[in-house]
Amino acid sequence: MSHILVINSSASGDTSVSRTLVGDIVRGLVEAHPEVRLTCRDVDEEGIPHLSAATVAGVRAVAATEAELATRALSDELIAELQAADIVVIGAPMYNFSIPSSLRAWFDHVLRPRVTFAYGAAGPQGLLTGKRAIVVESRGGLYSEGPGKASDFQEPYLRQLLGFIGIVDVTFIHAEKIGFGAEARELALTGARVQIAQAVASLAMSPA
Ligand SMILES: Cc1cc2nc3c(=O)[nH]c(=O)nc-3n(C[C@H](O)[C@H](O)[C@H](O)COP(=O)(O)O)c2cc1C
């Protein structure tokens, strides 16, 4: 393990559950591998622009205008960070049953044809292979079991987005029922930290 890319996307600043847990993961990995290089992206604070008619060609076609070239430059930078990473740690709160639009804008910049995915005879092929990801999913309600499960458009979507670009080794950390009061929130944090300890131990032991 030589390089970790950390992506935070919560709009709740210092009170964010996902940011707190992402911090725990990073501390654990750095303790196990003090030499590791960290690259951090805060897509909430930085505000990755949403693609528009003026900019979409910068990612999906040939960049020509100033706006398209600027989009291409940002897409290049974000993809280079992803290509360099062995492990990607993502803080992904559930917003309206899915992910924050800031995180979606980041994915819109890194899913680029012929660079991070390609279509071949066998269909789509992810080009960012050999990487692992840990994704913290913080949620106001309960979605990992019970009736809420059918409304979880967060985890299947993240699994699909990451898998589509070749990142198939993904560990999801759940912090659920955050909206159920202080006690439930503490329980969720404690439970998530148990999951994190296991995930970090397994990553720290692995030679990659
Ligand atoms: C804009 C917005 C939309 C949300 N939508 C949902 C939702 O659909 N389902 C849910 O269970 N919680 C929802 N929540 C609650 C968050 O998932 C919960 O507060 C979680 O802790 C946010 O992660 P964070 O603490 O890292 O910001 C929403 C919160 C916000 C701010």
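Just follow the structure's listing: the first ligand is 1, and inside any ligand the first atom is 1.
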Without hydrogens or angle criteria, can the side chains of [X] and [Y] be said to hold a donor-acceptor pair below 3.5 Å?
X      : Y      : answer
Asp44  : Ser9   : no
Tyr157 : Arg104 : yes
Ser75  : Arg112 : yes
His174 : Glu155 : yes

Inter-residue atom distance Phe172.CZ - Ser144.OG, 0.5 Å rounding: 13.0 Å
With heavy atoms of [X] as the reference, note each atom of ligand 1 found under 4.0 Å away.
X      : value
Gly141 : 10 (C), 11 (O)
Ser10  : 24 (P), 26 (O), 27 (O)
Ser138 : 17 (O), 20 (C), 21 (O), 22 (C), 23 (O), 24 (P), 26 (O)
Ser12  : 27 (O)

Side-chain donor/acceptor of Arg41 to backbone N/O of Val6, under 3.5 Å: no
Which protein non-hydrogen atom lies closest to [atom], naming both residue and atom, and how far is it?
atom                    : result
atom 14 (N) of ligand 1 : Met94 O, 3.4 Å
atom 5 (N) of ligand 1  : Asn96 N, 2.8 Å
atom 8 (O) of ligand 1  : Phe97 N, 2.8 Å
atom 15 (C) of ligand 1 : Gly140 N, 3.8 Å

Decide whether an N or O pair under 3.5 Å exists between [X] and ligand 1.
X     : answer
Ser16 : yes
Ala11 : no
Arg19 : no

Pair Phe164 and Phe117, ring centroids less than 6.0 Å apart: yes
Ligand 1-proximal atoms of Ile178, by part, heavy-atom distance under 4.0 Å: side chain
Crowding at CD, Glu66 (>12 non-hydrogen neighbours, <6.0 Å): no
